[in-house]
S.K.: 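Before we start, here is the structure in question, set down as structure tokens.
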Amino acid sequence: MTPELTTSERYLRFAANEAHGVSAIFEAWATGVAHDASLLALLEPLPLQKQQPNLVFAAARWTGCPAGDFDGFREWMLDHWPEVEATILARSTQTNEAARCTALITALSGIDGPVALLEVGASAGLCLYPDRYSYRFDRGGDIVALDPTSGTSSVVIPCAVSGSIHLPERLPQVVWRAGIDQSPIDVRDVDEVRWLETLIWPEHHDRVVRLH
């Protein structure tokens with residue numbers, strides 16, 4: 001979060017720089033919040049880190065707000081603010097996206113020999129298993145497949161590639177892994193998994209499938 005900006009300016013920046021072209025719903029919600037005095041009055045007393053759009057929007061959806069237009073979002077927020085605020089204060093953004101491993105293995109594949117992984121801010125630890133997933137790198141229709149030695153994984157991660165980046169030719173040999181997190185997420189807990197799902201932006205249905 002950028003403290004020198006107003007809450008309105010931060011939401012406008014989120015709409016333009018993060019949500020635009022990625023989530024039409026979140027772009028509309030953030031733009032609407034930025035121009036709505038009633039919603040800004042609810043958000044501004046919160047600690048700065050709790051005002052971030054990703055957390056506020058996830059908290060709204062967690063409490064039942066439908067992923068629709070801004071008018072519906074605004075009405076829900078005003079009608080259910082105590083529940084939304086309680087969720088905002090109790091939780092944090094801990095998005096855990098296995099697809100981030102495409103960048104990770106690109107770096108790790110250049111290391112000779114076994115690798116030990118220690119992730120700070122591991123959330124549910126899904127990025128601690130880059131050697132367990134399958135990858136399909138697509139460079140202009142030319143597909144490069146990379147699979148674990150045991151065969152194709154139940155999690156197949158696509159990755160569009162541009163430029164001259166060197167693609168990995170093998171998966172890393174991970175012999176030790178651990179994660180550190182202030183509030184680790186237990187994937188055996190139904191509510192915790194639901195929170196991970198809620199953090200996924202509403203139009204990204206393929207990410208929900210990959211998470212499960």
Side-chain angles (χ1 to χ4, degrees), residues 1 14 17-23 26-27 49 52-55 57-58 91-212:
M1 299 293 286
F14 175 86
N17 297 347
E18 298 183 48
H20 180 69
V22 180
S23 172
F26 278 5
E27 182 180 5
Q49 288 301 319
Q52 58 178 300
N54 271 330
L55 177 57
F57 296 164
R91 292 190 174 272
S92 59
T93 52
Q94 292 180 279
T95 303
N96 207 192
E97 174 53 71
R100 293 171 180 166
C101 290
T102 55
L104 186 60
I105 65 164
T106 301
L108 294 179
S109 66
I111 300 175
D112 291 328
V115 173
L117 293 181
L118 177 64
E119 183 180 10
V120 179
S123 186
L126 302 185
C127 290
L128 282 168
Y129 295 89
D131 54 327
R132 306 284 181 86
Y133 305 137
S134 288
Y135 304 86
R136 299 294 180 264
F137 295 95
D138 183 349
R139 195 196 304 266
D142 183 16
I143 306 296
V144 175
L146 201 57
D147 296 304
T149 55
S150 58
T152 303
S153 171
S154 59
V155 178
V156 179
I157 302 175
C159 179
V161 180
S162 60
S164 59
I165 184 173
H166 178 71
L167 296 179
E169 299 176 358
R170 61 179 178 82
L171 293 178
Q173 180 191 359
V174 181
V175 296
W176 181 90
R177 67 194 91 214
I180 300 173
D181 200 285
Q182 288 184 329
S183 302
I185 289 179
D186 185 349
V187 295
R188 297 165 297 185
D189 186 311
V190 174
D191 273 351
E192 294 295 274
V193 173
R194 183 180 159 226
W195 178 244
L196 280 179
E197 181 179 331
T198 305
L199 288 169
I200 296 173
W201 291 14
E203 297 93 341
H204 298 188
H205 307 297
D206 56 331
R207 292 179 57 196
V208 176
V209 172
R210 181 160 55 239
L211 172 65
H212 285 289

S.K.: Give the ring-plane orientation class for F57 versus F14, where under 30° counts as parallel, over 60° as perpendicular and anything between as tilted.
M.R.: perpendicular
S.K.: Can you list every salt bridge (charged side-chain N to carboxylate O under 4.0 Å, His left out) pair that touches residues 154-163, not counting sequence neighbours?
M.R.: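 Sorted pair list comes back empty.
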S.K.: Let me confirm one number: the OG-CD distance from S123 to E97, rounded to the nearest 0.5 Å.
M.R.: 11.0 Å
S.K.: Between V193 and H212, is there a side-chain heavy-atom distance shorter than 4.5 Å?
M.R.: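 Of all side-chain heavy-atom pairs linking V193 with H212, at least one is under 4.5 Å.
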S.K.: If a pair satisfies salt bridge (charged side-chain N to carboxylate O under 4.0 Å, His left out) and one of its residues is in residues 105-133, list it, with sequence neighbours excluded.
M.R.: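 For residues 105-133: D131-R177.
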S.K.: Run the side-chain donor-acceptor check on residues 199-206: report pairs under 3.5 Å with partners two or more places apart or on a different chain.
M.R.:
residue : atom : partner : partner atom : Å
W201    : NE1  : N54     : OD1          : 2.9
E203    : OE1  : S23     : OG           : 2.7
E203    : OE2  : S23     : OG           : 3.3
E203    : OE2  : A24     : N            : 3.1
E203    : OE2  : I25     : N            : 3.0
H204    : ND1  : R207    : NH1          : 3.2
H204    : NE2  : V22     : O            : 3.1

S.K.: Given side-chain contact (heavy atoms from CB on, under 4.5 Å), test L126 with R100 step by step and report yes or no.
M.R.: CA-CA 10 Å; L126 302 185; R100 293 171 180 166; over 6 Å; no
S.K.: Quick one: ring-ring contact (aromatic ring centres under 6.0 Å, His included) pairs with a partner in residues 171-195, sequence neighbours left out?
M.R.: W62-W195
S.K.: Output every pair passing salt bridge (charged side-chain N to carboxylate O under 4.0 Å, His left out) with a member in residues 147-166, not counting sequence neighbours, ordered by first then second residue.
M.R.: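 Every salt bridge (charged side-chain N to carboxylate O under 4.0 Å, His left out) pair that includes a residue of residues 147-166, provided the two are not neighbours, is R136-D147.
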S.K.: Which residue pairs pass the ring-ring contact (aromatic ring centres under 6.0 Å, His included) test with at least one member in residues 131-175, sequence neighbours excluded?
M.R.: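 Sorted result for residues 131-175: empty, none.
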S.K.: For the residue pair L128 and A178, what are the closest heavy atoms and their distance?
M.R.: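 Taking every non-hydrogen atom into account, CD2-O, 3.5 Å.
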S.K.: Residues two or more places apart in sequence or in another chain: which of them pass side chain to side chain contact (heavy atoms under 4.5 Å, CB included) with P148?
M.R.: S134, S150, S153, L171
S.K.: Do L211 and E197 pass the side-chain contact (heavy atoms from CB on, under 4.5 Å) test, and can you show the C-alpha distance, the side-chain angles, and the key distance before you say yes or no?
M.R.: CA-CA 7 Å; L211 172 65; E197 181 179 331; 4.1 Å; yes
S.K.: For residues P158 and R210, determine if any side-chain heavy atom of one lies less than 4.5 Å from a side-chain heavy atom of the other.
M.R.: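 SC-SC contact between P158 and R210 confirmed.
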S.K.: How long is the gap from OG1 on T149 to CZ on R170, to the nearest 0.5 Å?
M.R.: 12.5 Å
S.K.: Considering non-hydrogen atoms only, spot the tightest contact between A98 and I157 and give its length.
M.R.: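 Residues A98 and I157, closest heavy atoms: O-CD1, 3.4 Å.
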S.K.: Test side-chain contact (heavy atoms from CB on, under 4.5 Å) on C127 and N96 and set out the steps.
M.R.: CA-CA 7 Å; C127 290; N96 207 192; 4.0 Å; yes
S.K.: D186: what forms a side-chain hydrogen bond (donor to acceptor under 3.5 Å, both in side chains) with it, not counting sequence neighbours?
M.R.: R188
S.K.: Measuring from Q49:CD to L55:CG, what's the distance to the nearest 0.5 Å?
M.R.: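 Going from CD on Q49 over to CG on L55, the span is 9.5 Å.
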S.K.: With rounding to the nearest 0.5 Å, note down the distance linking CG in N17 to CD in E27.
M.R.: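 CD of E27 is found 10.5 Å from CG of N17.
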S.K.: Does D181 have any side-chain hydrogen bond (donor to acceptor under 3.5 Å, both in side chains) partners at least two apart in sequence or in another chain, and if so, which?
M.R.: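 D181 satisfies side-chain hydrogen bond (donor to acceptor under 3.5 Å, both in side chains) with Q94 only.
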S.K.: Anything under 3.5 Å between a donor and an acceptor, one on a side chain of residues 104-111, the other on a protein residue two or more places apart or in another chain? List them.
M.R.:
residue : atom : partner : partner atom : Å
T106    : OG1  : T102    : O            : 2.7
S109    : OG   : I105    : O            : 3.1
S109    : OG   : T106    : O            : 3.2

